[in-house]
Amino acid sequence: MHELALTENIIAGVAERVEGARVTRVVLQIGKLSGVVPEAVRFCFDVCAAGTALEGASLEIVEIPARAICRSCKSTIELSDMIALCSCGSANLRMLSGNELRVKEVEVL
Ligand SMILES: [Zn+2]
């Protein structure tokens, strides 16, 4: 379960940036193709946040759809899984989004 290590890293990173301030809210962006399961992160968050500046903070997860542009027909498509194929049959795609894993916003007291 790599979400546990990941969540620990995110929390440690945020705690370091806020330099002792109390964090009340964290907004995370998770891309559909990032391989990260939002529910697992949510599950780990409270446990990992205990005893840090993020203890008791609310977690908001924004899922980013996976989008790509087809190099063959130039259309923009939305991908639902790892099978990246345009409706024109081309697999020659350039990813636009979907691999994100980042902290978008942090609210401190
Ligand atoms: Zn295409």
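Just so you know, these numbers come straight off a predicted model, no measurement behind them. FYI, side chains are in, hydrogens and waters are out, and symmetry mates aren't considered; it's all heavy atoms of this structure.
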Using a 3.5 Å distance criterion without hydrogens, assess whether the side chain of [X] forms a donor-acceptor pair with backbone atoms of [Y].
X   : Y    : value
S97 : P65  : yes
R71 : N92  : no
T24 : L109 : no

Student check: side-chain heavy atoms of [X] and [Y] closer than 4.5 Å:
X   : Y   : value
I10 : L28 : yes
C73 : C86 : yes
C88 : C70 : yes
L79 : L93 : yes
F43 : T7  : no

Within this structure, what is the [atom1]-[atom2] distance for the pair [X] and [Y], rounded to the nearest 0.5 Å?
X   : Y    : atom1 : atom2 : answer
I64 : L101 : CD1   : CG    : 10.5 Å
L54 : R25  : CG    : CZ    : 13.0 Å
C48 : E55  : SG    : CD    : 12.0 Å
L59 : D46  : CG    : CG    : 8.0 Å
L6  : S34  : CG    : OG    : 8.5 Å
T76 : R67  : OG1   : CZ    : 6.0 Å

Side chain to side chain contact (heavy atoms under 4.5 Å, CB included) between R42 and I61, worked out: CA-CA 8 Å; R42 199 180 292 284; I61 293 175; 3.8 Å; yes
Is there a path from [X] to [Y] through hydrophobic residues (I, L, V, M, F, W, Y) whose side chains come within less than 4.5 Å of each other?
X   : Y   : result
V37 : F45 : no
V41 : L33 : no
V23 : V27 : no

Among K104, E105, R102, the one residue meeting side chain to side chain donor-acceptor pair (under 3.5 Å) with Q29: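 Among the candidates, only R102 passes.
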